[in-house]
*Asks:* 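I have a structure here, written as structure tokens, and I will follow up with some questions on it.
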Amino acid sequence: MRVLGIETSCDETGVALFDTERGLLADALHSQIAMHADYGGVVPELASRDHTRRLLPLISEVLAEAQMSRRDIDAIAYTAGPGLVGALMVGASTAHGMARALNVPVLGVHHMEGHLLAPMLEDEPPAFPFVALLVSGGHTQLVRVDAIGAYALLGESVDDAAGEAFDKAAKMLGLDYPGGPRVAALAEHGDPTRLRFPRPMTDRPGLDFSFSGLKTHTLTAVRKLEQAGQLDDQARADVARAFEEAVADTLAIKCRRALQQTGLKRLVVAGGVSANTRLRAKLEQETAKQGARVYYPRGRFCTDNGAMIAYAGAQRLQAGERDPLGQMKAVPRWPMDQLAEPRRG
Ligand code: KG4
Ligand code: ZN
């Protein structure tokens with residue numbers, strides 16, 4: 001079955017063609033980062049308009065790359081949520097319109113399920129069951145995954161998501177949106193011994209996270225340096241480093257705990273923040289100590305993309321799941337534990 005995947009939940013338009021026999025045939029992405037950068041964050045209306053402009057040309061590009069035509073598409077998967085509703089609507093309506101024209105099934109997919117399954121596109125995919133750390137701009141969650149659709153939430157952020165904390169720390173340091181990669185680049189020049197930031201909620205049991213205190217701590221540190229007339233390039237880099245070390249350590253500590261608690265030996269890390277190299281290094285260290293292994297998607301599939309949606313959709317479409325005719329879905333909030341295992345057809 002050849003599945004066209006469409007991702008338009010936020011600020012990237014992603015399209016891919018996945019074949020359940022041959023694997024990923026082609027994928028293409030248009031990032032809106034440059035467009036939103038002038039505003040310091042995603043402007044929802046601009047995001048929707050840009051998805052409208054980009055989506056059809058991207059679909060043509062992917063089909064051309066795979067040397068196929070629209071007639072070769074057997075089913076369509078699109079991101080139905082969570083995300084910005086206007087942006088989601090562009091993908092949902094395009095998917096439903098195409099599905100009707102081509103007379104093929106169509107299915108709305110959960111964005112975080114896409115992230116969670118992205119490592120399945122790699123050469124050595126993880127076997128079930130595993131623990132997944134989902135770290136994106138909107139989510140920080142630890143999930144026990146027993147099968148596709150069998151997700152048990154182990155812990156999550158009670159306030160900001162890790163990616164959101166990176167983006168806010170970046171603003172404090174005068175860096176552009178999106179902050180994660182920029183904070184990471186600046187932290188490279190930072191001295192890890194100059195400042196030490198707290199590792200929130202690691203001193204008590206449990207698998208929940210909180211990043212808002214760390215954000216305040218970062219702001220206070222920046223202000224103090226500024227008032228002392230010491231906020232030069234080196235000091236900014238030192239703050240970025242201290243912040244990044246604190247986030248990466250906190251995530252690694254909780255992952256270690258989740259593996260201990262579940263007795264599992266496989267950890268999947270996905271979502272935008274999983275691109276962070278310091279986080280990866282810490283997770284490698286922690287899992288090695290426990291005789292466990294960590295799995296990631298390739299770099300470009302850490303952040304939003306169409307391939308993960310095509311893959312996740314294919315698993316469910318193959319089992320016979322589909323949207324009822326004409327009922328497109330676009331939901332801003334959609335808890336992942338509401339998902340069920342695909343029906344075996
Ligand atoms: O998964 P994603 O592309 O979109 C959402 O579903 O939210 O994640 C985007 C988030 C942003 O907050 C961005 O700053 C963060 O991932 N991010 C990073 C890195 N690359 C992206 N954070 C830290 N280090 C990175 N290298
Ligand atoms: Zn995402």
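Order of listing sets the numbers, starting from 1, for every ligand and every atom in it. Below, each value reflects all heavy atoms present in this structure, side chains not excepted, and no hydrogens, waters or symmetry copies.
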*Asks:* For atom 21 (C) of ligand 1, what is the nearest protein heavy atom, given as residue, atom name and distance?
*Replies:* Gly272 O, 3.4 Å
*Asks:* What protein heavy atom sits nearest atom 3 (O) of ligand 1, and how far off is it?
*Replies:* Asp304 N, 3.2 Å
*Asks:* What protein heavy atom sits nearest atom 7 (O) of ligand 1, and how far away is it?
*Replies:* Gly137 N, 2.8 Å
*Asks:* Is the shortest distance from a heavy atom of Pro181 to ligand 1 less than 4.0 Å?
*Replies:* yes
*Asks:* Heavy atoms only, cut-off 4.0 Å: how does His139 contact ligand 1, side chain, backbone, both, or neither?
*Replies:* neither
*Asks:* So does Glu286 pair up with Lys289, basic N to acidic O under 4.0 Å?
*Replies:* yes
*Asks:* Is the closest heavy atom of Met112 to ligand 1 under 4.0 Å?
*Replies:* no
*Asks:* Closest approach of Pro178 and Asp167, non-hydrogen atoms and distance?
*Replies:* C-OD1, 3.8 Å
*Asks:* Which of the atoms in ligand 1, numbered in the order shown and given with their element, are less than 4.0 Å from a heavy-atom of Gly163?
*Replies:* 12 (O)
*Asks:* For ligand 1, which atoms have a heavy atom of His115 less than 4.0 angstrom away?
*Replies:* 1 (O), 6 (O)
*Asks:* Starting from atom 18 (C) of ligand 1, what is the nearest protein heavy atom, named by residue and atom, and what distance separates them?
*Replies:* Gly180 CA, 3.5 Å
*Asks:* Mind reading off the angle at the Zn ion (ligand 2) between the OD1 atom of Asp304 and the NE2 atom of His111, rounded to 10°?
*Replies:* 90°
*Asks:* Verify the distance test for Cys10 against the Zn ion (ligand 2): any N/O/S atom under 2.8 Å, yes or no.
*Replies:* no
*Asks:* On a heavy-atom basis, which atom in Val273 and which in Ser136 lie closest, and how many Å separate them?
*Replies:* CG2-O, 4.3 Å
*Asks:* Any N/O/S atom from His139 (main chain or side chain) under 2.8 Å of the Zn ion (ligand 2)?
*Replies:* no
*Asks:* Between Val104 and Ile73, what is the shortest heavy-atom contact and its length?
*Replies:* CG1-O, 3.4 Å
*Asks:* For a quick check under 3.5 Å, do Ser212 and Asp160 share a side-chain donor-acceptor pair by atom type?
*Replies:* no
*Asks:* Return the minimal non-hydrogen interatomic distance between Gly91 and Tyr78, and the atom names on each side.
*Replies:* O-CB, 4.1 Å
*Asks:* Among all protein heavy atoms in this structure, tell me which lies nearest to atom 6 (O) of ligand 1, with the distance rounded to 0.1 Å.
*Replies:* His111 NE2, 3.2 Å
*Asks:* Suppose we measure from atom 14 (O) of ligand 1 to each protein heavy atom; which comes out shortest, and what is that distance?
*Replies:* Asp167 OD1, 2.6 Å
*Asks:* Quick one: nearest non-hydrogen protein atom to atom 24 (N) of ligand 1, plus distance?
*Replies:* Asn276 ND2, 3.0 Å
